[in-house]
Structure formats: C-alpha cells, structure tokens
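Before any comments, here is the structure.
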Amino acid sequence: MASSFSRILSSRRNVGILSVVGGSVTAAFLLNREHVSAGVPVRRIYPASAEYPDLRKHNNCMASNLTPAIYAKLCDKATPNGFTLDQAIQTGVDNPGHPFIKTVGMVAGDEESYEVFADLLDPVIKERHNGYDPSTMKHPTDLDASKIHSGQFDERYVLSSRVRTGRSIRGLSLPPACSRAERREVERVVIDALSGLKGDLTGRYYSLTQMTDKEQQQLIDDHFLFDKPVSPLLTCAGMARDWPDARGIWHNNEKTFLIWVNEEDHTRVISMEKGGNMKRVFERFCRGLKEVERLIQERGWEFMWNERLGYILTCPSNLGTGLRAGVHVKLPLLSKDPRFSKILDNLRLQKRGTGGVDTAAVGGVFDISNLDRLGQSEVQLVQTVIDGVNYLVECEKKLEKGQDIKVPPPLKQFK
Amino acid sequence: MPFGNTHNNFKLNYSVDEEFPDLSKHNNHMAKLLTKELYGKMRDKQTPTGFTLDDVIQTGVDNPGHPFIMTVGCVAGDEESYEVFKDLFDPVISDRHGGYKPTDKHKTDLNFENLKGGDDLDPNYVLSSRVRTGRSIKGYSLPPHNSRGERRCIEKLAVEALASLDGEFKGKYYPLRSMTDAEQEQLISDHFLFDKPVSPLLTCAGMARDWPDGRGIWHNDNKTFLVWVNEEDHLRVISMQKGGNMREVFKRFCVGLQKIEEIFKKHNHGFMWNEHLGYILTCPSNLGTGLRGGVHVKLPKLSTHPKFEEILTRLRLQKRGTGGVDTASVGGVFDISNADRLGSSEVEQVQLVVDGVKLMVEMEKKLEKGEAIDSMIPAQK
C-alpha cells in the first residue's frame, strides 16, 4: 500500500498539496486509508439544525438516510480538496425525486468522499445496492472474458450489444468538484494513454471545443456524441461547469470501442457493435480496459479502486463494476405480456427505451441490461445478461408459436 | 457552489495557465475584461465568507452569451465581493453602466414628491405601470453563496418586517414550500408568482439551490405592493397597478420601501448600500437604484417605425416583451422601462420613463393619423 501511495505522490503535479492542507495530519491520512480523518473545518455560521435541509417531500436514497444526527456529525467536515457534505447532497436536495423512481440523491466529489462521508454513503450504498454492506463485504473484480459462455445471441431478435463502465483517475477530483486544471489534467492523462492503443483499438480523440462541424455531424450519426448534460440531477451536482472545456470523445477506427472524457465521470468506456456477439463485445471491453490501465500505469497513474467498493465513480449507483451490459432486442409479444416486469425482475434485468435511460421503447425494441453493479463481478454480471436475454428470446419465440411461458425463479443477489 | 475553505488553496497548486478559463468563444462583460493577469492577481483572494474569483465568474464561463445580447457574466456572493474583486468588477461596472468610474458617487433619491407629472399617461395606451427594485440585507451572503441557514434567516427577517406593515400595506406572506394549490392558482392569475429559475444565467451562479426552501411571496391585500423573498436577490420589491398613473405607483413604491427599511434598521439589519455603488445587489447590472420602472404600452405603429430603436436609445429607455426580459411583444404591446440603473437617482430614472412614454404615446397618436413624427424625435438625454 505504501508503494502505491508513493507513486501517487510522485505523479501528482505538485507535492506541495500536502503542506497546503495541513502537513502531518494529511500525510497520515493518505498513507492510512482506513483512518481517514475528516479534513479541514468548513465555514459555518449556523448550527446544524438551522442548516438541515427540508426533505419532507423528497424520495431519494440520500433523503431516506440523512438523519439530523448524521447531518450534524458530517456538516462541518470536508475532504482534503475542500468538498463538503452540502455539496455532496446538493443534487438530492434540489431534486426531490419521483414517487416511482428512487434516485440516489448524492454524489462524491473525490475518492476521499466515500471515506469522509461514510456515515451517510454507506447506508445509501446499502439501500441502492440491495443490502451490500461496504463496512463488511468485499467486491469481486473479474475482467477475464474467457469465462463467458453462450455469448452469441439470435440476431433475428438482438439488434446490437453494448457494455459500458466508468473509470476515475486516482489523485484527481471527480466532476462535481474538479477545477478546470484538474479536468484538463484528466483529459491529458487519458488521451496520452489512448494514443498508445494499437491494432483493432487504434483510434483518435475529438475534443468538444475543437471539433469541426463535419466531425460533429459524423459523431451524431454514429450515435457517439454526448451532449452537455441537461438533467438537473447532473447540473445541480456541478458536473456541467465550464462546459465544454476538456470534454471529448475518443473512438477506435472501427467504431467499436469508445471513450467519453469528462462527462459524468472522468471516463466512460464503451464497447459496442451491431448484432448479438456479446462475448466479442465483452472480450474487447476487457482487453481495451486492461490496455488503458497498463498505459496509464506506465506513466505513474492508476484507476480509483478499493476492495470494499470496487471502481470508484461519481455516482454511488455506479460503484463496484460501474458496468451496464445491454442489448437492443425485439420483444413485441413478451413486452405486452403482464408477466414481463416480473420476469425481468427475477432475472435481475432492467428495461429502458432505445434512447437510453428515461426514454420509451420504439417498435417493441427494448434496451435490456443488468440491474446490479456492486457485489458481483463483471464476468458474473455479463453472464447474467447473456443468460437472461437468451431466456427472454426463448419466451418471445414461444409466444410466437402460441405456447405458454414461465416466470423463472428469482436469481440470488450476491454470489 | 460553496466549496469548503481549502478548495481555493488547493487550486493554487495549479498555474494560472492551467486554471484560466477558455473564453475565446464568449461574449459577456466578464469575458471581455478578465485577462490572465487579472485572474492571476485575484485567484488567491476570498471574501470573509469564502467567496472566490471562480465563484464570481462561473456563470459567465458557463454561459458564453449571445452575439447580440451582452450579459454581465459575473455575480457577487456578498457585499465584500465588490471590494475584494474590484479589479474585475470596476471595469465590468464601467462597461455596463456607461463609463461609471470607480471614483463616481451615486445619488439615491426616493422622495416621490420630486417626480414631475406621471399621473396623466393615457390609459388607452398605457395598460399598466410598475416599479421594481431589489434590496439586500446587510450582514448576509447573497443568493449565489448563502447557505440554507442564512436564507431562512433572511426569510424570517423579511416576514417579520412585512407583518408589521399596515394601512394600504397590510398583507400576507405565502411561502413557496407550503402554498396550497388554490393559493398558487390565484398568485399565477395575478401574475405574482415567480418560478424556480430556469435560466442558466441564474442556475449556473447557484441561485436556485435548495429550491423552494426559504422562498416566498408577500403582497398587500390590495395587490398593489409585492415582495419576492430569496429569488435572484434577498428581496425584490414591486409596486404595480393597471393603467397609467405612474406617479401613484412610484409614491407607493417609495413609501413602502422606506417603511420596510425602517423596520429592518430597527432590528439592526439595514440594507446593503454605499455612496459609490448605491444599493448592492447580486448582479452588477442592478447596482445603483436596482430600479426598473416601466409600463405595458400599446405602440403598434411606433414599434414598426424605422427610428423606434433610436428613439428608445435617446430617451434612455429599453423595450421588452410583455413576459419580461427575453420575451417577445404580443399585439404591439411593449414593456418600456428605464435602461439605466447606476449614476442617476430613482426619481431621475422614473422621470425618464414618464416623460419618454408620454412622448411615445403622442408619437403613436400622430402615426395613427398618418402624420410624420420626425420633428418630435428627441435629442439624446
């Protein structure tokens, strides 16, 4: 552990950061992650009770777990970067949520947020990730694609396959908190590493600030271009600041491996292709991720990861694997069957419209992906999607023939 | 966004070049004036409440602006911002307020008796009259920066002060959070209810945080005097009525404001004011009087006249649609108000509106009769 931290210290642009935030206390903090002291005091004039947010009309995980006692305990703490509890919860205060859809309602500003605000984040994580307890459980990471079986879908039904995750660069603040210089550094580190990718992963970077109109149109046609966030869930968390500075898109020449830089996370990594060869999509995903990791490590950087929470990302909902593996699949008959939701539930799958989250299905084509992120490995989750989608396609075929279908038994949560 | 105290120091580990925003595609006052040198000079400063240069400029960085409309692009987080960051605010203020110098003094005049006329605007043309301003309560941070605790304190002070008004100013407070549907409907029909800000100019400056906590609307029983609490400023004070009696509107405005100020002073919380910048508000464009006095006036013919814009400029007036700023006019009805805020007094600004609108209504009448108005076009005021 000491060696990984000495690497961080030397790769950080300015080691002087330690002296700025308080010398020995912080040095001790960095070298002993389990004993994180709660940073430097925050400007406060009023007692916690006067500042406690009004959450009576709220329905999100933060609001369900932020008691006045927890608020009082954490409200005068900050991470070494100066990120505060009020900032972490701002998005959840500003967005009361929906009676049917329970959002998370808080974000991390940096890796240390998950430590400094653990009294709130741990119960939020537990609620969001179906009982996963970060204080007692360990998260398995497994990017060995060779373990996948039956990963080729019937292409009369499965139109496209996609796997995405996120990765954060250790030592730099996350999108809600990062300064312009940090964000630009993320961009530099990432595109420097990506320029080292070879073979089928060779590609190029398109900076949002310098993209030509022609490049922009091509990226839109390829469905690669991401927009400035408009969702208040993201804007209220400060993730759209300074747009489009240091944001961009990298993709390989074959357009099957794509990386978003500085959108909702430092990086979002996507492997995709038309058709149903999920095994190949996942194989390229794992290979690409491992290559990128190797390339940044060569330069003295690493991804944020720990054995309690897996890969550290901005939104607690993406902890663990940060992985969403999904397909666009034609299920016109099954989707009208009243048992559809229950079948998905039991298979630990979720449906979305073909525009992604919060969109509607078009022409009976659904986006079907894994529900879980934390507590199971990448291999396990992708296998779950493969097994589940195969089952759904079988159901569709049965319904086509006028046969009946069965609701499968529920899968175990943590394996 | 109110970061903790260490955040700004943390950023100082990066060079000016690394942190300086990319303003190459921007068109707002801040972007035109903020050089790397200025940024380097001010980036290590904070106001006593912790407001930093990046906090000041965030809205201008996030909103590049429009080629035709020059927004301000920076906000104050507290009274001290205008001092601590004067190297940016002074040139912005000068640019926005017609060359106003750091040594200039601003005149405050809320003596409604100094207004000449204003009670005879033709109600066939002038449909309604309105005067608004803002006030900030000394000792508290402004909407981009204040915490929930501060905002609630401001609301409490405002409600107490307003509750002690009587006579034509007797009224009631409607907190946004606990408004009933019926109350909401009524306030919308009266055109009193303000919405959660959607303009990114405001949201990027952090003014919509914690909505609707601590926000509300107070109005008198007659529905002619209205106070918004914790929207874009601590208080927005509005006097309005149908028809063209701007004199009466202005009288009520001055009397009401002075009553409110008395009460705040008694509680040891006067308004933010100084003799250089007048009344201190969140946006530099509202410094001085913070006053927008205007009418909804029917000018279907004059508004299509080729010299309309020039006439407005010479009269020191501006036009807006009837939905307020950034809206279009409907049926030839325009919102006409004073363009100036800083460097002239309340009486002077309302006088310009009264005289200017009177002239424009006469021009409209002339155009209706098919006569020319060239001889009526005024010199630059």
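Since this is a predicted model, take the numbers as computed values, not measurements. Numbers restart at 1 for each chain; the letters A, B, ... are given by sequence-line order, proteins then strands.
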**Prompt:** Which bit of Asp213(B) comes within less than 4.5 Å of chain A, counting heavy atoms only: side chain, backbone, both or neither?
**Reply:** side chain
**Request:** May I ask you to name which of Asp62(B), Val61(B), Asp17(B) has the most heavy-atom pairs under 4.5 Å with chain A?
**Result:** Asp62(B)
**Message:** Whether Asp210(B) and Arg148(B) form a salt bridge (side-chain N of Lys/Arg under 4.0 Å from carboxylate O of Asp/Glu) is what I want to check.
**Reply:** yes
**Request:** Examine whether an atom of Arg177(B) lies under 4.5 Å from a heavy atom of chain A, and if so say whether it belongs to the side chain, the backbone or both; otherwise answer neither.
**Result:** both
**Prompt:** Do other residues, nucleotides or ligands put more than 12 heavy atoms under 6.0 Å from Lys228(A) NZ?
**Reply:** yes
**Asked** If you measure from the Lys or Arg side-chain nitrogens to the Asp or Glu carboxylate oxygens, is any gap between Glu111(A) and Arg170(A) under 4.0 Å?
**Response** yes
**Message:** Under the rule for ring-ring contact (aromatic ring centres under 6.0 Å, His included), what residues qualify as partners of Phe117(A), not counting sequence neighbours?
**Reply:** none
**Request:** Report yes if some heavy atom in the side chain of Leu88(B) is under 4.5 Å from a heavy atom in the side chain of Met30(B); otherwise report no.
**Result:** yes
**Message:** Assess whether a salt bridge exists between Glu37(B) and Lys41(B), defined as any Lys/Arg side-chain N lying under 4.0 Å from an Asp/Glu carboxylate O.
**Reply:** no
**Prompt:** Using non-hydrogen atoms only, which part of Glu19(B) is less than 4.5 Å away from chain A: side chain, backbone, both, or neither?
**Reply:** both
**Asked** Which atoms of Ile89(A) come close to chain B, meaning under 4.5 Å heavy atom to heavy atom: side chain ones, backbone ones, both, or neither?
**Response** side chain
**Asp245(A) versus chain B, the contacting section by heavy-atom distance below 4.5 Å** = side chain
**Item:** Part of Arg183(A) within contact of chain B (heavy atom distance under 4.5 Å)
**Value:** neither
